[in-house]
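Here is the structure we will look at.
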Amino acid sequence: MKYAKMKSRLNSLIPYMNLNTPISALTRVGKTTASRLKNLGINTIEDLLFYFPFRYDDFSLVKKISELIPNESVTVRGKIQLIANRRSWRKRKILTEALISDDSGSLKVIWFNQPFISKILKVGDEIFLSGKLDEARLQMVSPDYEKVKLNTVHTARLVPIYHLTERVTQKQLRFLLSQAMSAIDEVKEYLPGTIIQKYNFPVINKALAEIHFPADLKLADEAKARLQFDELFLIQLSIQKIRKQLGENKAASIKFLEKQTKDFVAGLAFKLTDAQKKCSWEILRDLEKVRPMNRLLEGDVGSGKTIVVALAMLNAILNGYKVIMMAPTEILAVQHYKTLSKVFSKQKFNIALFTGSERLLNGETLTKGKMLKALEDGDFNLAIGTHALIQEGVKINELGLVVVDEQHRFGVSQRKLLARDNERKDYLPHFLSMTATPIPRTLMLTLYGDLDLSVIDEMPLGRKSVITKIVHEQERVKAYDFIREQIKSGRQAFVICPLIDPSDKLGVKSAKQEFEKLSQNVFPDLKIGLMHGRLKSKDKDQVMNDFVQKKLDVLVSTSVIEVGIDVPNATVMMIEGADRFGLAQLHQFRGRVGRGAHQSYCLLFCESGSFETAKRLKYMEELSDGFLLAEKDLELRGAGEIYGTRQSGLPDLKIANLADAKMVSAAQQEAKNIIENNELTPELERELQKLNMSMHFE
């Protein structure tokens, strides 16, 4: 067997190492290279073995020199007849030129700026060259090379291609992996035999060997399937374990108060949609249970999530419990405070606002000390704030419900922190997260499988869709004229840019650059504001408040504006470098307009002229459904780029494909079976500890 032979030969050449051996112990890895590999997350032999290729170059086809066809990926085997370095007079490059031959003919080969090759390869050496024949000169340019031996790494095979960091090459990484193969038997199997057998997976050692150095594509695909499943399965196992842990805790039963709820709904200035009623009922039924609710309320921008949350708050407060709501930013916390103060204006609830810079109770400003005492004494019904609400020193008794906006990870440890001062310390508050970020089903199962899901999939009657248009550069002046017309009519506009500062390397629009251009050249007579992530919180708040109060006509911003900002008077969302954003994020930007009675517009400016980019952005013109756009985004870009591992709480996905609904579902079901049947083995526990996927509140 090829793998066994390779391993046997390598074992005789390479000193013993285990999975914890630092990467610096490998041949040709000094401090500098080790530091570069650290950028890829590679610190140990185990990290290296679990650093997977994203594709392969097929150089397994070995041809005679006379059989070569231009531009075909191929390998030739021949003997070096001549090899020498010379300096190119035109570009001052060092060229390494060689002539190799086999029994069918000769071939010229050239490498650029790699003079060391002439020291490695000598006349008479028999070598493999993998690459393509240049059509114009019928020579090979910069092919991979390797002396003929029993097991090749870079040529005459399926050659793995990895994501790299600066000054680390493919050849370097493959060479290190060929050494690490000697430790492959140190990786202990952790997947239960029943699962391996059920899905016909290779064992873990074989999967790792074949993912890096596969004998053929079939074996590479089998290895990939096993490792993709493993990644999804371990995440699901962690989620199901947490789900079970939460289910074993107790919570206060918050009774559904039918009459008071109906009276409250009857007093609203609008009718609830069927989707709002359905989601409200799911939440209210959960609140009655004696185990903690763990639910995510998902709804597109403008679908009416706040009123659904308000119904849950109403019942919790009227049952005698305290409610807190947390938002990721001070701007959003203040916005929720104002909105819910209006919603509950007839209820005479005591509503508090607690952020890093603002502390209000029923509109009255308090010192931090007085606010902390008011919270501890229960002088409030509803407290709205940032993570300041769960900082050290905050004591809240009889806490029945926690609502978190746009941040879904709020695990057992955070709830225990909130419950620490309750008289019944074994009781945890109910938890409700809300998001306007549409999440595809497979992603939902993987990211938030511990949460029950309520989806508002219906928009309120009369809400107008935002008209979206891709704007070509030659139409830019028309777009500016259109924005001016909107502002003359009393409306306002957002302008979104990918960067804060100009970048020579990327060549994309920056917020500072655009602010100067619009202020000085395009709209010198209008009031323009600038918002970006480097501004201090109070400065961001000031700019945003000026925009809300119509002191600004145009707000130039980076993506900091993306979540939750509510400015009903804004009707134009202009996005520079729209190709730099994913569909899900573009949809979030678009959701900042169309929140009032006026028709709104989203203008997409694109810097890339590629067909693929145009096709992707076309979905924005055609689709207004955030869930459909999210599915397209997942299909086109993958989950990591859309949501980011930092936001989701997920570890970096190395190989799993979250668009593979069948595999995601299978991984979830197998994880459920393990947890429900108490079959969590020490091997699986060890892998979960490595995963270290703590459910955290970012």
Side-chain angles (χ1 to χ4, degrees), residues 3-4 6-54 151 153-154 159-191 202-214 220 223-224 226-235 237-238 640 645-646 649-656 681-694:
Y3 157 59
M6 175 190 279
K7 196 184 77 168
S8 173
R9 187 165 180 270
L10 286 167
N11 282 345
S12 66
L13 298 172
I14 299 168
Y16 171 77
M17 64 184 78
N18 61 37
L19 298 178
N20 296 320
T21 300
I23 201 74
S24 56
L26 292 178
T27 305
R28 298 185 203 167
V29 178
K31 285 184 179 179
T32 304
T33 302
S35 176
R36 289 171 187 160
L37 291 168
K38 190 175 181 179
N39 293 333
L40 297 173
I42 299 172
N43 297 294
T44 65
I45 298 301
E46 183 174 26
D47 295 335
L48 183 60
L49 288 173
F50 281 85
Y51 190 77
F52 305 130
F54 65 92
N151 293 297
V153 173
H154 312 292
V159 176
I161 304 297
Y162 302 86
H163 291 296
L164 301 175
T165 188
E166 191 176 6
R167 301 190 73 181
V168 172
T169 67
Q170 295 290 349
K171 206 162 187 179
Q172 195 174 14
L173 206 52
R174 288 193 293 265
F175 171 71
L176 297 179
L177 272 155
S178 68
Q179 295 181 65
M181 286 291 140
S182 67
I184 207 164
D185 287 339
E186 296 286 322
V187 182
K188 303 302 179 189
E189 184 59 76
Y190 46 82
L191 208 57
V203 294
I204 189 62
N205 316 101
K206 188 171 189 294
L208 288 172
E210 296 296 350
I211 199 70
H212 292 296
F213 299 109
K224 186 177 180 182
R226 157 73 204 252
L227 295 165
Q228 284 180 323
F229 179 88
D230 283 15
E231 200 162 36
L232 293 169
F233 172 71
L234 290 170
I235 291 166
L237 205 58
S238 181
T645 55
R646 186 179 299 171
L650 265 180
D652 290 325
L653 292 176
K654 298 174 182 176
I655 197 168
T681 62
E683 291 79 15
L684 284 174
E685 285 278 19
R686 184 189 68 229
E687 292 306 311
L688 287 183
Q689 284 175 11
K690 284 186 200 171
L691 186 67
N692 194 24
M693 195 178 104
S694 59

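Hydrogens, waters and symmetry mates are skipped; everything else that's a heavy atom, side chains included, is used.
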If I take atom [atom1] from residue [X] and atom [atom2] from residue [Y], how far apart are they, to the nearest 0.5 angstrom?
| X | Y | atom1 | atom2 | result |
| --- | --- | --- | --- | --- |
| L40 | L173 | CG | CG | 7.0 Å |
| T681 | Y190 | OG1 | OH | 11.5 Å |
| F175 | L26 | CZ | CG | 8.5 Å |
| S182 | I45 | OG | CD1 | 7.5 Å |
| K188 | E683 | NZ | CD | 10.5 Å |
| N43 | L48 | CG | CG | 11.0 Å |

Are any of the side-chain heavy atoms of [X] and [Y] separated by less than 4.5 Å?
| X | Y | result |
| --- | --- | --- |
| I655 | F229 | no |
| I204 | D230 | yes |
| F213 | N151 | no |
| L177 | Y51 | no |
| T33 | R28 | no |

Intermediate values then yes/no, side-chain contact (heavy atoms from CB on, under 4.5 Å), L208 and F52: CA-CA 9 Å; L208 288 172; F52 305 130; 3.8 Å; yes
Within the distance-only criterion (no hydrogens, no angle test), does the side chain of [X] pair as donor or acceptor with the backbone N or O of [Y] below 3.5 angstrom?
| X | Y | value |
| --- | --- | --- |
| E46 | N20 | no |
| T21 | N18 | yes |
| E231 | A656 | yes |

For residues 160-169, which side-chain N or O atoms pair as donor and acceptor with protein atoms under 3.5 Å away, sequence neighbours left out?
residue	atom	partner	partner atom	Å
Y162	OH	H212	ND1	2.8
T169	OG1	Q172	N	3.0

Provide the closest heavy-atom pair for [X] versus [Y] in the form atom of the first, atom of the second, distance.
| X | Y | value |
| --- | --- | --- |
| A183 | L19 | O-CD2, 3.9 Å |
| I23 | A34 | CG2-CB, 4.1 Å |
| T27 | L176 | O-CD2, 3.6 Å |
| A207 | A223 | O-CB, 3.3 Å |
| I211 | P53 | O-CG, 3.2 Å |

Audit row: K206, I184, side-chain contact (heavy atoms from CB on, under 4.5 Å) steps and yes/no: CA-CA 9 Å; K206 188 171 189 294; I184 207 164; over 6 Å; no
Derivation of the side-chain contact (heavy atoms from CB on, under 4.5 Å) call for L684 and L234: CA-CA 8 Å; L684 284 174; L234 290 170; 4.2 Å; yes
NZ (K38) with more than 12 external heavy atoms under 6.0 Å: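 Count not over threshold, so no.
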salt_bridge(K690, E687) N-O dist < 4.0 Å: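 Answer for the salt bridge query: yes.
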Distance under 6.0 Å and angle within 45° of ring axis: R226 vs F233: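 Cation-pi check for R226 and F233: fails.
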